[in-house]
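Written below as structure tokens is the structure these notes are about.
Start at 1 and go down the list; that is how both ligands and their atoms are numbered.
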Amino acid sequence: MTKTRMPTIVVAGAGLTGLSAAVSAREAGARVVLLEKGSRRDVGGNAAFSGGLFLFRYDGPDDLTSITHDFEPGMKADRIEAPPYTRQAFAAELMAMSSGRAEPRLVDTLAERSLDTVRWLASKGVRFTFNRTLGAEVRDGVLHIPPGQVLTCTGEGMSRGFEVIRPLLAHAERIGVEIRWSTPLAEVLHSDGTVSGVAVGDGGRTLPADAVVVATGGFQASRDLRREHLGPQWETVRLRGTRLATGDGIQAALRAGADRAGSWSRCHSAAVDPTMPAPESSAAAPPFPLHGFWLGVLVNRDGERFVDEGPGPWVRNYSKMGKAIMRQPGCEAFEIFDQRTAARVADEFAGSAVPIVADTVPELAERIGVPTGRLVRTLATFNDACPPGDDTSEDRGTADITPAKSHWASPLDRPPFVAYHAVAGLTFTFGGIRIDPDGRALDPDGVPVPGLYAAGEAVGGLFYGDYPGGAALMRAAVFGRAAGRTAATETRPAPHPA
Ligand SMILES: Cc1cc2nc3c(=O)[nH]c(=O)nc-3n(C[C@H](O)[C@H](O)[C@H](O)COP(=O)(O)OP(=O)(O)OC[C@H]3O[C@@H](n4cnc5c(N)ncnc54)[C@H](O)[C@@H]3O)c2cc1C
């Protein structure tokens, strides 16, 4: 006589992707073992350091208030005006930002399932709030929200993303997900052409499994893989997030037959303050992101501008500023402001980044160590190219200079001047495992590798050159949830003798 047992799904990685996969696999009726390379103090991976911003589609205020009625201070309103951010708009934005290279099926799936997945997270106890930082404002009792990045999870400061992890972890433990801390996935094992288990630790111990979901993040924390794929200048880059995403899960999946996808030579990298160390545990703050570049100018150590600081809203452009800085001499830069904007930046950067202040441009040049004549010339050329007028509005673009500053171009002529030292901070890599929209790992012929699934930062195919803020947490939850569910529902465990 035989008895059917429930399938055992091993999920590797306790970040947002892995927790989403573990919860959905468990809720679909599987036994779930969640392996985490770090200890409990490392739970959450990059999400623990994130700003908690989610990008998802919605058709209007009703969709938003179906998720939350929480408002950050100063945002309470009688009515919400929220033009839709549709599935089509989300998909079109991702496609445009990848210059048409993103995998269309993944793009459509991310856009389509995003709203439902935010609701799913809310149903597990994640609390969302309307956030203030991205252009939402209250006028005459009405909250006006520009389409796009609308909700963050509740919580304080830069690491508020930990508030996504805390309830999800509690929920996973409540429903019986078995978590093994300090147990890294080393190898995916096969028998008769399908996944049969995993080797963990140094590879000497094994665990049986009917399916494996790889949710181990990118390879940004591996010095060797950074050098090989991003280039030698990335070897010593500062990490913005987890030190444990070393690409070993990705490599195990490739050895198990999965294909690679996406742009392995590209990454998400923001400008950060160089005085803060990379975080050591989930409780640590990440290096502070210097997102104020759009209000001023960026110069390299030769005193030259090198990038359009205002191509559009910062949240759609900050992920490439680190890369632009990395291409500069010494891989460093300075964000410079005058008194038109310095106070706004100081508010945002308060206590987290170190201002360098000077009454004149030559004095500033001396303080930050760039050639005086060059910086004076650079700022004079920039100032001359700014449109007349005194404001800092979005519609102000420079004329006849390269690089242009396309928006928010106002002369820097009101001393004292303020500079912030900036270096590249690496957030995550873009290349990874090839998957289908339901999280099945695919081989080089596009055929699913039986029993192997992957999601989140461990997969490639969605992000290439640019990245819209909020799309990475959304990707983690959408595809983590899908991979866990698919693994649990399509895996048929071999019957065990009774
Ligand atoms: C500072 C910062 C701010 C961010 N802000 C935002 C934001 O506001 N909005 C947004 O959309 N995105 C943001 N992101 C990106 C987002 O946080 C990530 O894309 C997302 O959390 C990735 O989740 P993941 O679970 O796929 O990977 P990870 O978070 O990297 O998790 C992988 C997990 O796997 C574990 N692991 C690694 N190797 C193994 C192994 N061999 N075996 C077992 N476990 C292993 C790791 O320890 C880790 O816990 C931010 C990232 C950073 C660093």
Side-chain angles (χ1 to χ4, degrees), residues 10-22 34-56 114 131 133-134 149 151-153 158-162 164-165 168 179-188 198-201 212-222 238-253 268-270 272 278-279 281-282 284-289 291 315 318-319 425-430 432 454-459 462-463 467-477 479-480 483:
V10 165
V11 177
L16 178 56
T17 304
L19 284 165
S20 301
L34 177 58
L35 307 178
E36 168 54 47
K37 183 198 264 185
S39 66
R40 196 179 176 103
R41 65 197 275 278
D42 295 303
V43 67
N46 266 353
F49 308 102
S50 78
L53 180 67
F54 280 76
L55 183 64
F56 60 95
S114 57
N131 82 83
T133 48
L134 296 166
Q149 288 85 355
L151 299 182
T152 55
C153 58
M158 276 315 299
S159 307
R160 58 163 72 192
F162 193 67
V164 183
I165 296 300
L168 213 51
I179 306 182
R180 313 265 168 97
W181 303 106
S182 306
T183 308
L185 166 76
E187 214 62 69
V188 177
V198 291
V200 299
V212 174
V213 180
V214 177
T216 50
F219 60 82
Q220 66 274 5
S222 161
R238 192 168 303 257
L239 291 181
R240 298 184 67 216
T242 176
R243 70 196 189 290
L244 300 173
T246 53
D248 41 7
I250 298 176
Q251 290 181 309
H268 178 306
S269 175
V272 298
S281 76
S282 302
F288 189 77
H291 294 333
V315 75
Y318 73 103
S319 68
L426 178 55
T427 322
F428 59 87
T429 44
F430 286 170
E457 267 173 23
V459 308
L462 265 165
F463 307 141
Y467 154 93
L473 289 172
M474 203 64 259
R475 172 182 67 170
F479 291 104

Does ligand 1 come near enough to [X] that some N or O of the ligand is less than 3.5 Å from an N or O of the residue?
| X | result |
| --- | --- |
| L53 | yes |
| T17 | yes |
| M474 | no |
| G38 | no |
| T242 | no |
| G456 | no |
| P184 | no |
| F49 | no |
| D248 | yes |
| K37 | yes |

Query - side chain to side chain contact (heavy atoms under 4.5 Å, CB included) assessment of L34 paired with L19 - result: CA-CA 8 Å; L34 177 58; L19 284 165; 3.8 Å; yes
Which ligand 1 atoms, with their elements, are less than 4.0 angstrom from a heavy-atom of [X]?
| X | answer |
| --- | --- |
| A47 | 17 (O), 21 (O), 29 (O) |
| G51 | 3 (C), 4 (C), 5 (N), 6 (C), 7 (C), 8 (O) |
| L16 | 25 (O) |
| G45 | 29 (O), 31 (O), 48 (C), 49 (O) |
| L35 | 43 (C), 44 (N) |
| G52 | 8 (O) |
| A215 | 32 (C), 33 (C), 34 (O) |
| L473 | 7 (C), 9 (N), 10 (C), 11 (O), 12 (N), 16 (C), 17 (O), 21 (O) |

State, with a plain yes or no, whether a side-chain heavy atom of [X] is found less than 4.5 Å away from one of [Y].
| X | Y | value |
| --- | --- | --- |
| L473 | F54 | yes |
| E36 | L244 | yes |
| H268 | Q220 | no |
| L55 | S114 | no |
| F428 | N46 | yes |
| D42 | W181 | no |
| R180 | V200 | no |

Just heavy atoms, cut-off under 4.0 Å: does [X] contact ligand 1 by side chain, backbone, both, or neither?
| X | result |
| --- | --- |
| Y467 | side chain |
| P289 | neither |
| A471 | backbone |

Gap separating the [atom1] atom of [X] from the [atom2] atom of [Y], nearest 0.5 angstrom:
| X | Y | atom1 | atom2 | result |
| --- | --- | --- | --- | --- |
| E457 | L16 | CD | CG | 10.0 Å |
| T246 | F219 | OG1 | CZ | 11.5 Å |
| D248 | E187 | CG | CD | 10.0 Å |
| L426 | R238 | CG | CZ | 12.0 Å |

Requested in this report: Only one of T183, L35, V214 passes side-chain contact (heavy atoms from CB on, under 4.5 Å) with V198; say which it is.
Outcome: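 Filter result, single survivor: L35.
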Requested in this report: Can you figure out which of L55, I165, L244 has its heavy atom closest to atom 37 (C) of ligand 1?
Outcome: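 Among L55, I165, L244, the closest heavy atom to atom 37 (C) of ligand 1 belongs to L244.
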Query - Nearest option to atom 27 (O) of ligand 1, as decided by whichever heavy atom of A278, G217, A14 sits closest - result: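 The residue whose heavy atom sits nearest atom 27 (O) of ligand 1 is G217.
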Query raised in the report: Can you say whether the rings of Y467 and Y318 are parallel (under 30°), tilted (30 to 60°) or perpendicular (over 60°)?
Result: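 If you compare the ring of Y467 with that of Y318, the planes turn out perpendicular.
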Query raised in the report: So, does G470 sit close enough to ligand 1 that a heavy atom of it is under 4.0 Å from the ligand?
Result: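 Right, G470 reaches ligand 1.
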